[in-house]
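Reading through the structure tokens given below for one structure.
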Amino acid sequence: KEFNNIPKLEEEAILFEITKQKKTLELDEHNFLKLTNSLAISKLNLGKNFNPYIEDNQNFYSIIYGCPLINKKINQLKLISIIYKEDINQFKKIDGQFLALLINKKSNKITILSDRFNGINLFYAVLEEKLLCSSSYYVLAKELKNQDKFEWSDKIIYDLIRMNRVFGYSTYDAKSKFLPPATVLEYDFKTLKEKKYWVPNFKKKNYKSPKDAGNLYIKKLSNSIFNLINSEKNKKVVLFLSGGHDSRSILSLVKRQITCITTAYKKNNEVKIAEKCATKSNQKFIFCQLTNDHLIYYFDEAIKICSGFHSFADAFFIGINRNIVNNNQVAIHGHGLDYLFQGSYLPTEWFKLFGKPTFFKVPRITKLPFSEDFIKNVPYRVKGVDVNKYIKYENRYFIYKELVSRIDEIRKKYATASSSKFDYWDMLLVDT
């Protein structure tokens, strides 16, 4: 009953086009903002639910989305100052989930900054003396088609069919790209540059005992939760709670009253575990039961949101009633903790005893090159279907090798002489 609100991606996605012209701009267009005599933002949609922070003065125009954390406090003004001063050494000290845009009105230089884990997506395309950007690839591609600039690319067409997700920074067209994490994008209407300001370190640390490692994990996770929700004293907090390791870990460390929400098609064991955890923690619990045709009802919007970059089949939270989750609340979840800290996707297999699997894992032996082993064995790949049956024979080799090549590029970007095959799998999971 709670799922009765269909979001409209075109209304909620970020979209803007920054234009420079040699003659004085005299556009009279909807959602048009003139910055200087030759510089303007048009097609401006700030994003209905992104709550942007805007600063506009004689030196620059800036929009900050999300929650940039500087010295453990949300500080949009400090981030703007760092970007304006081009202090790249300070970028690596910024934490949190954010996307930042700054347009220098004197030099006409555009700077865009992404956070370390793509908390807010951005797709962009350079069109002559224009930069077109959106948080949604669907919206960006639609705008490219409106401007007759869309050209199909055959680079990533195989990824979703075989792997349920897309690797790298290419898109389905030849003009646009995905902005990588921890990246400074600079464009002065002549050249476009991308610079990494932080790269994750995959070198493993050895601890005296599992207890020491566990205590550090709890400390880090507690600090992260505290930084994200404790500064929001005037807003209620909603936790998307499942019966799994991720969200239960967060629930155990939250030190304030929250509302726990669980979605499922029926009240199964996972729902019962989630409800029991919420009750034991003295937190409010809401079970949103999905109808059997939930994904059919929300199919169009789920497809738009995913835009062909990952499977739409897990769109369980789409359409939640605004009375439960709205702009006056902060919604959190724990996606990623299982594979980052439990090694869920590492190249292992179950240890067998008398021919039957146990609960213990051992490293899986393979003679294949890393990229091919990854494609054939990563758990979230499409299984039970021979996807090659749906690909023309003459195209199979090319698109498979293209996928192998991009996976190799990601590995090479992070790898060092001491990297292990376990590190390689971590690299593929963390990138984008």
Side-chain angles (χ1 to χ4, degrees), residues 13-21 25 32-47 50-70 74-136 140 143 169 171 175-199 432:
I14 297 167
L15 176 68
F16 56 85
E17 184 178 83
I18 306 169
T19 307
K20 181 178 179 249
Q21 294 184 5
L25 281 164
F32 168 77
L33 179 64
K34 185 175 179 180
L35 301 176
T36 67
N37 283 336
S38 61
L39 200 66
I41 298 182
S42 58
K43 310 184 193 309
L44 181 60
N45 187 352
L46 291 169
F50 278 93
N51 299 326
Y53 179 94
I54 300 172
E55 191 75 18
D56 187 9
N57 58 41
Q58 63 183 11
N59 295 318
F60 60 79
Y61 176 83
S62 183
I63 307 174
I64 307 294
Y65 294 100
C67 51
L69 295 170
I70 302 172
I74 298 174
N75 195 334
Q76 292 94 341
L77 268 175
K78 180 66 175 177
L79 176 58
I80 291 171
S81 174
I82 291 171
I83 297 172
Y84 184 67
K85 293 175 182 176
E86 300 184 8
D87 193 351
I88 194 164
N89 291 324
Q90 293 295 317
F91 291 160
K92 64 184 68 174
K93 298 179 182 178
I94 306 166
D95 206 345
Q97 296 171 295
F98 64 87
L99 179 70
L101 164 72
L102 188 140
I103 304 168
N104 190 312
K105 294 181 180 179
K106 295 180 179 178
S107 65
N108 286 339
K109 188 166 91 170
I110 303 164
T111 304
I112 298 175
L113 194 73
S114 61
D115 68 34
R116 302 183 200 195
F117 292 101
N118 286 122
I120 301 173
N121 292 339
L122 190 78
F123 298 87
Y124 68 91
V126 174
L127 309 171
E128 297 159 354
E129 289 202 317
K130 293 190 292 189
L131 180 67
L132 180 65
C133 300
S134 179
S135 60
S136 161
L140 184 82
E143 188 58 40
Y169 313 122
T171 67
K175 294 284 186 185
S176 66
K177 272 188 72 180
F178 178 70
L179 183 66
T183 299
V184 185
L185 184 145
E186 296 177 336
Y187 182 56
D188 61 2
F189 297 94
K190 294 176 184 175
T191 57
L192 186 141
K193 298 177 185 175
E194 278 188 8
K195 295 184 285 189
K196 297 286 286 184
Y197 65 83
W198 175 81
V199 177
T432 65

- Please examine the side chains of Leu99 and Asp115, heavy atoms only from C-beta on, and report whether any two atoms are closer than 4.5 Å. no

- Message: Under the ring-ring contact (aromatic ring centres under 6.0 Å, His included) definition, can you give me all pairs with a residue in residues 101-123, not counting sequence neighbours?
- Response: Phe117-Trp198, Phe123-Tyr137, Phe123-Phe178, Phe123-Phe309

- Ile41 side chain near Tyr61 side chain, heavy-atom distance below 4.5 Å: yes

- Are Ile103 and Leu39 close enough that some pair of their side-chain heavy atoms sits under 4.5 Å apart? yes

- Quick one: pull up CD1 in Ile70 and CG in Asn75 and give me the separation to the nearest 0.5 Å. 5.0 Å

- ring pair (Phe, Tyr, Trp, His ring centres under 6.0 Å) partners of Tyr187, counting only residues at least two apart: Phe189

- Nearest-0.5 Å distance that lies between atom NZ in Lys43 and atom CD in Glu17: 5.0 Å

- Query: Does Lys106 have any side-chain hydrogen bond (donor to acceptor under 3.5 Å, both in side chains) partners at least two apart in sequence or in another chain, and if so, which?
  - Reply: Asn59

- From Ile63, Ile64, Leu102, Leu77, residue fulfilling side-chain contact (heavy atoms from CB on, under 4.5 Å) relative to Glu55: Leu77

- Item | From Leu122 atom CG to Leu113 atom CG, the distance as rounded to the nearest 0.5 Å | 11.0 Å

- Main-chain N/O of Ser176 paired to Thr171 side chain as donor or acceptor, under 3.5 Å: yes

- Indicate yes or no for a side-chain donor-acceptor contact from Lys196 to the backbone of Pro181 under 3.5 Å, with no hydrogens or angles considered. yes

- Item | Leu192 vs Tyr124, side-chain contact (heavy atoms from CB on, under 4.5 Å): CA-CA, chis, key distance, verdict | CA-CA 11 Å; Leu192 186 141; Tyr124 68 91; 4.0 Å; yes

- By ring pair (Phe, Tyr, Trp, His ring centres under 6.0 Å) - contacts of Phe50 (at least two apart): Tyr65

- Kindly compute the distance separating NZ (Lys177) from CG (Leu140), expressed to the nearest 0.5 Å. 13.5 Å

- Audit row: Ile54, Leu46, side-chain contact (heavy atoms from CB on, under 4.5 Å) steps and yes/no: CA-CA 10 Å; Ile54 300 172; Leu46 291 169; 3.7 Å; yes

- Item | Verdict with supporting geometry, Ile18 and Leu101, side-chain contact (heavy atoms from CB on, under 4.5 Å) | CA-CA 11 Å; Ile18 306 169; Leu101 164 72; 4.1 Å; yes

- Taking every non-hydrogen atom, the tightest pair across Asn118 and Leu179: ND2-O, 3.1 Å

- Minimal heavy-atom distance between Ser114 and Ala182, with the atoms involved, is OG-N, 3.3 Å

- Item | Ser135 (side chain) donor-acceptor with Ile14 (main chain) under 3.5 angstrom | yes

- State which residues pass side-chain hydrogen bond (donor to acceptor under 3.5 Å, both in side chains) with Glu143; sequence neighbours excluded, sorted by chain then number. Gln147

Sequence neighbours excluded and cut-off under 3.5 Å, please list the side-chain donor-acceptor pairs for residues 78-96, or say none.
unit_1 : atom_1 : unit_2 : atom_2 : d
Glu86  : OE2    : Lys109 : NZ     : 2.7

- Calculate, to the nearest 0.5 Å, the distance between atoms NZ and CG belonging to Lys105 and Asn37 respectively. 11.5 Å

- Task: Indicate yes or no: at least one non-hydrogen side-chain atom of Thr432 is less than 4.5 angstrom from one of Pro180.
- Result: no

- Message: Are the side chains of Ser38 and Asn108 in contact, using a 4.5 Å heavy-atom criterion?
- Response: yes

- Quick one: pull up OG in Ser42 and NZ in Lys130 and give me the separation to the nearest 0.5 Å. 7.0 Å

- Query: Does any non-hydrogen side-chain atom of Leu132 lie less than 4.5 Å from one of Leu15?
  - Reply: yes

- Message: The test is side-chain contact (heavy atoms from CB on, under 4.5 Å); show your working for Asp188 and Ile110 and say whether it passes.
- Response: CA-CA 6 Å; Asp188 61 2; Ile110 303 164; over 6 Å; no

